[in-house]
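Only one structure is covered here, and it is reproduced in the block below.
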Number of protein chains: 2
Amino acid sequence: MITSRDVARLAGVSQPTVSRALRDDPKVSEATKQRVREAALALGYAPNAIGRALSVGRSTRVGLVVTDLENQFYAHVIAPMHHELERLGYELVLITESSESAPVAEHVTAHGLCGVVLATTTVESVVPVRLQDRGVPFVYFNRTSQSVQADAVTVDPENGVRELLEDAIGKGHRRIGAIFGPRNTSTGEQRENAVHAVLDEHGLALAHRDVRHGPFDFRTGHEGLRALLDRADPPTLVLCGNDVVALGALNAAAELGLAVPDDVSIAGFDDLPTSSWALIRLSTVAYDLDEMSREAARLIVARVERPDAPPAHPVYPTRYVARATIAAPRP
Amino acid sequence: MITSRDVARLAGVSQPTVSRALRDDPKVSEATKQRVREAALALGYAPNAIGRALSVGRSTRVGLVVTDLENQFYAHVIAPMHHELERLGYELVLITESSESAPVAEHVTAHGLCGVVLATTTVESVVPVRLQDRGVPFVYFNRTSQSVQADAVTVDPENGVRELLEDAIGKGHRRIGAIFGPRNTSTGEQRENAVHAVLDEHGLALAHRDVRHGPFDFRTGHEGLRALLDRADPPTLVLCGNDVVALGALNAAAELGLAVPDDVSIAGFDDLPTSSWALIRLSTVAYDLDEMSREAARLIVARVERPDAPPAHPVYPTRYVARATIAAPRP
DNA sequence: CTGAAAGCGCTTACAG
DNA sequence: CTGAAAGCGCTTACAG
């Protein structure tokens, strides 16, 4: 391995001077900076991040905590977040929260991460408390938690849900069902509340037997739709907790030989790229997930660099994207 | 931060003894191991990976180099690879190879990765050479390169392609087109060669105008299908370089108002989960991508731990999965 | 079986 | 403006 010592020798300066010169420390003269840069280039030297991390007491690596790496939702979080972190000089490390793996907080301190983005926190999770105890900076992504104050980036479902439901109600839907996300996530709860609120304004309500809950995954939608429609008097519209759930529902409908939207209407939430495919055309609620993901990257970096700044909580607006899965119910 | 020094103080031993005890060094007595473990537990101590990395001269973090994090193919690589690496006590770090970012080899040494998995190497890439120059262990994933010898895990397309083509030819397809992957990847080339070989055996060939090439992404399939079918005398079957390309083709067909497989048959390669959706039912070539991804994790770890072992190159077999996108062409 | 010493590659007061 | 010294949290010969 080639180190700053090697560069120092070649440039004829001391090792600390190499360190300063390469970080463009104003106290170093231009002339020696020049010499050091040339030596570094000649040797193909780049400062070692591990030495630096140990020395300054923190790394430039942030963890992203997720539960389900196969879930396509996360691909669209990871890509922009990774890109933004890289731009800011940080690295992205994936952490999955599973029963087998070490508890998140321990993992983070043991691996020397400087901060973490929590993308799958449940309402009752102890992770935020543990992180706080250990003094690890973190931000909530697409989640919040009452227990611990922290930066958060979330979505306000209200507008999108309202526009969607008003379209659906206008088309004649009265009997509405739902396959919501997990009750123990702020996201799931918030979307559910938005639905109840808007329906209530229109004098409508979800019948208890028309509602299902489950993790935000394909299977939840797949099984949920079968459960809701395998009855004499099914709902005419099924709202889904997110697009991945809706994709499961859409495919279940196809398996049941049901035409969407002629036999049943289906709605999603997230507007993932897949949802706009010609073969899918899912009517859904959209927001700027790319920008949210980048914003989370910026927030965690800001938090790491200035731990005492007041917490920020940007909230992203939503809008309805009408495509081909909501139509008037059969008379 | 709580360190081995703190644990030492509490346990009444020296700091190095803590280090040894926690790594279960046989030279430490059971009694003091016990005492040290208790102290560590009481303080919530876990050895700091950064200190360790600096001390032993290498980290336990392996990089996965990809070009396109949004591509769903990679989600199905990242998840099992991450899981297996974690099981082996290693971390997964994502590296995207883009013009903006620092060259891969520099990134790797600067960030102190112990090894890397190359999942998107082109045939002419200089990355393998650079890594070799710097003495960084790496393994090719779903790729190989002539330039530098290294561990590799790849797929043998031959059997799957043969089974698929024999089915298609048996159904009556003679005029066959293709949207292959990039010519400058071993994977693209190998699959293309397999197609030519099998067709040749059957006295068939691809007409030059029925062939397109492009990156392994949705757009390649989407645009490729339009280009191939927007003619008086189009092919009756379009082979795609992989499933993501085929998904693009399938959707393009839908947009053109073409029924698959009635108006045109389409085939993929990879058998991603999406391909088995009721709404997709893509006929494709399957292999064990999960196991391949785990195997790559095992190979890079083995290489890091025993740099002088002879290179391994497991090759995974393929098989045809007939679903609903290949049928007899219209008479 | 255990401790004192040295060192991994950096950064950062402290002198000069 | 630059260097010598100390230290970040570990591991690893080396003594004993």
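Just so you know, these numbers use all the heavy atoms, side chains as well, and skip hydrogens, waters and symmetry mates. Just so it is clear, the model here is predicted, and its values are computed rather than measured. The sequence lines fix the lettering, A, B, ..., with proteins before strands; numbering per chain opens at 1.
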For the residue pair [X] and [Y], what are the closest heavy atoms and their distance?
{"X": "A:Val139", "Y": "A:Val153", "value": "CG2-CG1, 4.5 Å"}
{"X": "B:Pro80", "Y": "B:Ser293", "value": "CG-CB, 3.7 Å"}
{"X": "A:Ser186", "Y": "A:Arg143", "value": "OG-CA, 3.4 Å"}
{"X": "B:Leu92", "Y": "B:Gly63", "value": "CD2-C, 4.5 Å"}
{"X": "B:Ala79", "Y": "A:Leu69", "value": "CB-CB, 3.7 Å"}
{"X": "A:Ala11", "Y": "A:Ala39", "value": "CB-CB, 3.9 Å"}

Pull out every residue in [range] that has a heavy atom closer than 4.0 Å to any atom of DNA chain D, ordered by number, or say none.
{"range": "residues 29-49 of chain A", "answer": "A:Ser29, A:Thr32"}
{"range": "residues 2-15 of chain A", "answer": "A:Val13, A:Ser14"}
{"range": "residues 53-61 of chain B", "answer": "B:Leu54, B:Ser55, B:Val56"}

5' to 3' on DNA chain D, which nucleotides open and close the contacts with chain A (atom under 4.0 Å from a heavy atom)?
D:dC1 to D:dG9
Side chain to side chain contact (heavy atoms under 4.5 Å, CB included) partners for B:Ala309, two or more places apart:
B:Arg303, B:Arg306
So that I can tick it off, tell me whether B:Arg58 and B:Glu305 are bridged by a salt bridge, with the cut-off set at under 4.0 angstrom between side-chain N and carboxylate O.
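So B:Glu305 does not pair with B:Arg58 through a salt bridge.
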Considering only NZ, NE, NH1 and NH2 on the basic side and carboxylate oxygens on the acidic side, decide whether A:Arg35 and A:Glu38 come within less than 4.0 Å.
no
Please state whether the rings of B:Tyr140 and B:Phe138 are parallel, tilted or perpendicular, taking 30° and 60° as the class boundaries.
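Judged by the thresholds at 30° and 60°, the geometry between B:Tyr140 and B:Phe138 is perpendicular.
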Taking everything shown except A:Arg37 itself, do over 12 heavy atoms lie less than 6.0 Å from its CZ?
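Atom CZ in A:Arg37 is packed in, count exceeds 12.
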Can you establish whether the number of heavy atoms outside B:Gln149 located under 6.0 Å from its atom CD is more than 12?
no
Given the rule in the salt bridge (Lys or Arg N to Asp or Glu O under 4.0 Å) test, do B:Glu106 and B:Arg134 qualify, once you have shown the distances and angles that lead to the verdict?
CA-CA 9 Å; B:Glu106 276 82 278; B:Arg134 290 173 178 256; 3.2 Å; yes
Examine the side chains of B:Thr67 and B:Glu97 and answer whether a donor and an acceptor come within less than 3.5 Å of each other.
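No, no side-chain donor-acceptor contact under 3.5 Å.
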Let's test your reading of the pairing rules: Watson-Crick or G-U wobble, both distances under 3.5 Å, then write DNA chain C as a dot-bracket string with ( ), [ ], | and dots.
|||.||||||||.|||
Could you tell me whether the side chain of B:Thr109 reaches within less than 4.5 Å of the side chain of B:Val136, counting heavy atoms only?
yes
